[in-house]
Structures are given as structure tokens and as C-alpha cells.
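Report on the following structure.
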Amino acid sequence: DLMRLELIFSIHRATHRIGLYIQRHAPDLTQAEAHILCHLYEFGDSAVSDLHRAFAHKRSTLTSVLDRLDARGLVTRESSPKDRRSFVIGLTSSGKKKAAKIHRQLESLEAQVLKTNDRRAVEAFGQVIHNLEEKAEED
């Protein structure tokens, strides 16, 4: 018996649509770039290891995204005062402007969805996503 993939395809489709939404509102950013800018906007300067934990990119993918953002003058990369072998990523002033703009767009999208769902549904969804992430890491 073939079990239909209820979660995987839905999550993939939603992620793809979020990417298309980002493309419409910030055509000069990839989805990965937009998410990293938003993370830095919300949490401030972050170690590369924090960004890796937040997004689970391969190290080489994350480095390449950060290289592109750095080349465009949107982020700074400083040696960590705690560990000279690692870097802390921060937003430049133009990076802050761009991050604020895409963050507002994604905030608006999220707010529209949250107001059409009750809190319990949102919490249950968060739990399902968390479980899926954990299981995917195990195997």
C-alpha cells in the first residue's frame, strides 16, 4: 500500500511559495539571503554557528550566501572576540534597510495567516514541524 505524503509535499509547496513571495517583494534577494537578513534583523549580530543552527544549511551553502551578502555590502564579517577562528555576522546600514523591508513583507504575510488560525492550531503546527525536523535529523 502506498502512503500519500501529506506533510512533505505541503511543506515543500509552502516553502516554494514563500520563495516566490520573496521574489515578488525583493527580486534582488534569494530566499536564503532574505531569511538570513531577517534573522540578523531580529536577533542582531550572530556567529556563523548560530546561523547554521537556525537554518541547517550545509556549511558551504551558508558560506556562499554570506559571501554574496558581503559582496553586496549588506553584511559585515568580523572575527569573533571569543574565538578568532570563527566569525560574527552583522548588518551594514544598507543591510538593515533591506532586512527591515523584507522583514515587514514576511511579517505581513505571517500576520494574515495567523489571524485566520486560532492559537492552538498554530501551536500544534509548530509541534508537528518540530517533530518532523527531529525525525529527519535522526536518519
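Along the sequence shown, residues carry numbers from 1. As a basis for the values below, the full set of heavy atoms in this structure was taken, side chains included, without hydrogen atoms, waters or symmetry mates.
Among S79, S80, S49, the one residue that satisfies the side-chain contact (heavy atoms from CB on, under 4.5 Å) test with S86 is S80.
Summarising the geometry, atom CD belonging to E110 is positioned 13.5 Å from atom CD belonging to Q105; distances are rounded to the nearest 0.5 Å.
Residue I102 belongs to a hydrophobic cluster whose other members are I18, Y21, I22, L29, I36, L37, L40, Y41, V48, L51, F55, L62, V65, L66, L69, L74, V75, F87, I89, L91, L106, L109, with links defined by side-chain heavy atoms closer than 4.5 Å. Clustering of Ile, Leu, Val, Met, Phe, Trp and Tyr by side-chain heavy atoms under 4.5 Å joins F9 with L5, L7, I8, I11, F125, V128, I129, L132. Cluster partners of L2: none. The rule joins Ile, Leu, Val, Met, Phe, Trp and Tyr whenever side-chain heavy atoms lie under 4.5 Å apart, and it links nothing here.
Closest of all the heavy-atom pairs between C38 and A99 is SG-O, 4.4 Å. Scanning all heavy atoms of the two residues, the minimum distance from T116 to V113 falls at OG1-O, 2.8 Å. Here the shortest heavy-atom pairing between Q31 and G19 reads OE1-CA, 3.3 Å.
Every residue two or more places apart in sequence or in another chain was checked for a ring-ring contact (aromatic ring centres under 6.0 Å, His included) with H12, and none qualifies.
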For a salt bridge (charged side-chain N to carboxylate O under 4.0 Å, His left out) check, start with the C-alpha distance between K135 and E138, then their side-chain angles and the critical distance, and finish with the verdict. CA-CA 5 Å; K135 292 295 176 199; E138 285 174 12; 3.7 Å; yes
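Looking only at atom types and distance, the side chain of S108 has a donor-acceptor partner in the side chain of Q112 under 3.5 Å away.
Side chain of T61 to main chain of H57: no donor-acceptor pair is present (N/O by atom type, distance under 3.5 Å, no hydrogens or angles). Judged by distance alone, the side chain of S46 and the main-chain N or O of G44 form a donor-acceptor pair under 3.5 Å. Formation of a donor-acceptor pair under 3.5 Å by the T92 side chain with backbone atoms of G73 is found in this model.
Listed by first then second residue, pairs satisfying salt bridge (Lys or Arg N to Asp or Glu O under 4.0 Å) with a partner in residues 88-103 read D28-K98, not counting sequence neighbours. Contacts classified as salt bridge (Lys or Arg N to Asp or Glu O under 4.0 Å) and involving residues 48-68 (residues at least two apart or in different chains) are given here: E33-R68, D50-R53, D67-R77.
More than 12 heavy atoms of other residues, nucleotides or ligands lie within 6.0 Å of CD in E123, so this atom counts as buried by the packing criterion.
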